[in-house]
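Quantities reported herein were computed from a predicted structural model and do not represent experimental measurements.
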Amino acid sequence: YALKNVSFHIQRGECVGIIGRNGSGKSTLLKILAGIYRPTTGEVKINDEVFPLLELGVGFQPDFTVRDNIYIYGALLGFSRKEIDRKLHEILSFAELERFLDAKLEKLSSGMQMRLGFSIAVQSIAPIMLVDEVLAVGDLVFAEKCRIVFSRLLEAKHTIILVSHDLASVREYCQRSIVLDHGEIVA
């Protein structure tokens, strides 16, 4: 099993870190909370809408344009075409990719693609956010923009579950942490 006897409760508006070594079950736990995986045993109770900010850019098509990928990725995240129409400029501006709108995605660096994925994903802000290692997206300037967005989510009292190896970020944002080791909570 990837996870064994994992049980915890998170209060509305709380930010909780999940830390542990690679392979300890952190990302699996987030995918269960997001409804991507189903637990083999036990149950998950979530009392509000969840938005998983997990693997940025999943579903991107490298041979399509940036514009096309914004609409495709937006649709995967549940946005209508009209919503993306309204958000297109904001997405491009935040990602700093306005001049690449009609370029093929494969022509962008991996950092630029990650910025695009983050910029689209943060348009959907649910009361519960599942965040997996996305605060260090792109260069230092863009990473700071991501941190500002994250701080605003905390100020607005979103419930956030943050998986990270960056313990400084966990200390900065989280009221408490869950430590996983070999699929079990050890602290």
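- Of the inter-residue distances, the one linking Ser164 atom OG with Ile18 atom CD1 reads 11.5 Å to the nearest 0.5 angstrom.
- Scored by the side chain to side chain donor-acceptor pair (under 3.5 Å) test, Asp48 finds Arg12 as partners (sequence neighbours excluded).
- Under the rule for a side chain to side chain donor-acceptor pair (under 3.5 Å), Asp63 has no partner lying at least two apart in sequence or in another chain.
- Among residues two or more places apart in sequence or in another chain, the side chain to side chain donor-acceptor pair (under 3.5 Å) test is passed with Asn47 by none.
- Residue pairs satisfying the salt bridge (charged side-chain N to carboxylate O under 4.0 Å, His left out) criterion with at least one member in residues 27-40, sequence neighbours excluded, are listed as follows: Lys31-Glu55.
- Remark: Ala2 engages Thr28 in a side-chain contact (heavy atoms from CB on, under 4.5 Å) (not counting sequence neighbours).
- Side-chain atoms of Val44 and Pro39, non-hydrogen and from C-beta on, do get closer than 4.5 Å to each other.
- Nearest heavy-atom pair, Ser169 versus Asp166, reported as atom, atom and distance to 0.1 Å: OG-OD2, 2.6 Å.
- Applying the 6.0 Å contact sphere to CG of Asp102 captures more than 12 heavy atoms from other residues, nucleotides or ligands.
- For Ser80, the side-chain contact (heavy atoms from CB on, under 4.5 Å) partners are Lys82, Glu83, not counting sequence neighbours.
- When each of Leu154, Ile160, Ile161 is checked for a side-chain contact (heavy atoms from CB on, under 4.5 Å) with Met129, only Ile160 meets the rule.
- To the nearest 0.5 Å, atom CD1 of residue Ile32 and atom CG of residue Leu3 are 5.0 Å apart.
- What you find for Val131 and Phe150 is that their closest heavy atoms are CG2-CE1, 4.0 Å.
- Taking all atoms of both residues into account, the shortest heavy-atom contact from Gln175 to Cys15 is OE1-N, 2.6 Å.
- Not a single side-chain contact (heavy atoms from CB on, under 4.5 Å) links Glu155 to another residue, sequence neighbours left out.
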Intermediate values then yes/no, side chain to side chain contact (heavy atoms under 4.5 Å, CB included), Val163 and Leu29: CA-CA 10 Å; Val163 165; Leu29 177 58; over 6 Å; no
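- Of the possible polar contacts, one joining the Lys26 side chain to the Arg21 backbone as a donor-acceptor pair under 3.5 Å is found.
- Listed by chain and number, the residues in a ring pair (Phe, Tyr, Trp, His ring centres under 6.0 Å) with Phe60 are Tyr73 (sequence neighbours excluded).
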Stepwise side chain to side chain contact (heavy atoms under 4.5 Å, CB included) check, Leu108 with Leu105: CA-CA 6 Å; Leu108 274 59; Leu105 189 73; 4.2 Å; yes
Derivation and outcome, side chain to side chain contact (heavy atoms under 4.5 Å, CB included), residues Tyr173 and Arg147: CA-CA 10 Å; Tyr173 297 118; Arg147 290 183 178 286; 3.4 Å; yes
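- Listed here is the closest heavy atom pair of Phe142 and Ser119: CZ-OG, 3.8 Å.
- With values rounded to the nearest 0.5 angstrom, Leu130 atom CG is found 9.5 Å from Phe51 atom CZ.
- Residues forming a side-chain contact (heavy atoms from CB on, under 4.5 Å) with Thr65 (at least two apart in sequence, or on another chain): Arg67, Asp68.
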Table please: side-chain donor-acceptor pairs of residues 84-98 below 3.5 Å, with sequence neighbours left out.
residue: Asp85; atom: OD1; partner: Tyr71; partner atom: OH; Å: 2.4
residue: Glu96; atom: OE2; partner: Lys145; partner atom: NZ; Å: 3.1

Ignoring hydrogens and angles, write down the donor-acceptor pairs under 3.5 Å from the side chains of residues 176-187, residues two or more places apart or on other chains.
residue: Arg176; atom: NE; partner: Glu14; partner atom: OE2; Å: 2.6
residue: Arg176; atom: NH2; partner: His9; partner atom: O; Å: 2.4
residue: Arg176; atom: NH2; partner: Glu14; partner atom: OE1; Å: 3.3

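- Here CE of Met112 is found 3.5 Å from CZ of Phe100. Values are rounded to the nearest 0.5 Å.
- Under the 4.5 Å side-chain heavy-atom criterion for grouping Ile, Leu, Val, Met, Phe, Trp and Tyr, Val50 is connected to Phe8 within one hydrophobic cluster.
- With sequence neighbours excluded, no residue forms a side chain to side chain donor-acceptor pair (under 3.5 Å) with Thr159.
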Asn69/Gln113 under side chain to side chain contact (heavy atoms under 4.5 Å, CB included): CA gap, chis, key distance, verdict: CA-CA 10 Å; Asn69 274 285; Gln113 291 180 31; over 6 Å; no
